[in-house]
Amino acid sequence: MFGFVGTALIAIVPGFANATRVPAAEPAAARVSLALPLPAAGAPALASTSGWQFVRVRSGETLGLVFQQLRLPATLMQRLLDQTSAKATLTHLREGQELAFELDHQGQLKTLRFDKDPANRVELSVAGDAITEQVHARPIEHRVEIAAGTITSSLYADGARAGLTAGSINTLANIFKYDIDFVEDLRAGDTFQVVYEELWRDGQRIGTGDVIGATFTNRGKRYSAFSYAPNGKTEYFDGNGRPLKKVLMRIPIEFARLSSTFGMRKHPVLGLMRAHKGVDYAARTGTPIMAAGDGKVSFVGWKNGFGRVVMIDHGQGRSTVYGHMSAWGKEKVGQRVAQGSTIGYVGMSGLATGPHLHYEFRVNGTSVNPLTVTMPKPEPLSGLALVKFRAATAPALAKMLTVEKNTSRVASR
Ligand SMILES: [Zn+2]
């Protein structure tokens, strides 16, 4: 991802006194990765070699350590940090980041080159006492792509087959989570389209960008989503400009299995017939539990059969209850929480036969079934905002329609 175009990476390996330089003509794809660890502090330093030396930063490694290994003076490092704008990047090296050092025949540093961010490459040149800094902008091109597919086995397998990354598949599931329960409702034959951005630089794909539009047809019902940022914050809207995000979520946990429904049932531990005032979602211990909606924490504590419990007051008489947690989140009573923020973790505290979330939805103090209750709908965009929304999302919509018309192309993907 940070390959230096025109050159190739060589390994700095203990014992490689004369690390060979891969010829510049070698295609970038033939890069040699740094497979072996750099010597630890105190280990014999490398013999200096003129030419370019490429270092891939390992976990916990600092610039000081890298300078030590290259037998470069710490005083020079300090000058580079003090006299350039590179300090912020070089004092917070990330694992996997690449640094390129050009050394002269005496092993003195001529150039230090690194990517400040994906769009900017910094070159620090040393000539005697003088240090010059150059920043080369490396424009990132955003390309719009579309992936389409049909569910045959799972959202992940079929999404990946259509060419989507795990990140984009997660986004797709998140976009429609208010309307589709991807564990309970997904069916073979469901179809999807995802319009997304790809980031390219110097003719190389360097990553996947945002999902800018999507459709999901679940059991014959079609849902659409378009990303739009009316107030600077990206949200997803349906084709009519209504936010997909509901005021309250029916399922405040991702990828969990509905394990007990609302209503009368035999209590799994007590064995008595009792009204089950919520719904249960089986999930692994430690799975984050989300606040179903914006609100104020009204209770954090222990309640007999329900173990560790959090309650949130969402206003207008609505509140939610979350039970059997293995741990509470950081929020205290009285604190405001945003929809989707983690308020605790799945567990089996209290009376429970296995780890699950007990989720209750109350209207004016009475428990109702969160899966069937009519949720308040957020207001759709209107007027000028709607006009702007339609203009902004027209290209994504056109892309989807093109793919739809040409089903043979979809099948061949
Ligand atoms: Zn329950």
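When reading the values below, keep in mind they use all heavy atoms of this one structure, side chains included, and skip hydrogens, waters and symmetry mates. All ligand and atom numbering here is 1-based and tracks the order in the structure.
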A.B. asks: Just how far is it from atom CE of Met311 to atom CD1 of Ile343, taken to the nearest 0.5 Å?
C.D. replies: 11.5 Å
A.B. asks: Checking side-chain polar atoms at under 3.5 Å, does Glu133 have a donor or acceptor matched by the opposite partner on Ser85?
C.D. replies: yes
A.B. asks: Applying salt bridge (Lys or Arg N to Asp or Glu O under 4.0 Å), which residue pairs with at least one partner in residues 296-323 are found, sequence neighbours left out?
C.D. replies: none
A.B. asks: Please name the atom of His276, limited to N, O or S, that comes nearest to the Zn ion (ligand 1).
C.D. replies: NE2
A.B. asks: Once salt bridge (Lys or Arg N to Asp or Glu O under 4.0 Å) is applied, what residue pairs with a partner in residues 277-292 remain, sequence neighbours excluded?
C.D. replies: Arg265-Asp280
A.B. asks: Which atom name does His358 have for its N/O/S atom nearest to the Zn ion (ligand 1)?
C.D. replies: ND1
A.B. asks: For N/O/S atoms only: which one belongs to Asp280 and is nearest the Zn ion (ligand 1)?
C.D. replies: OD1
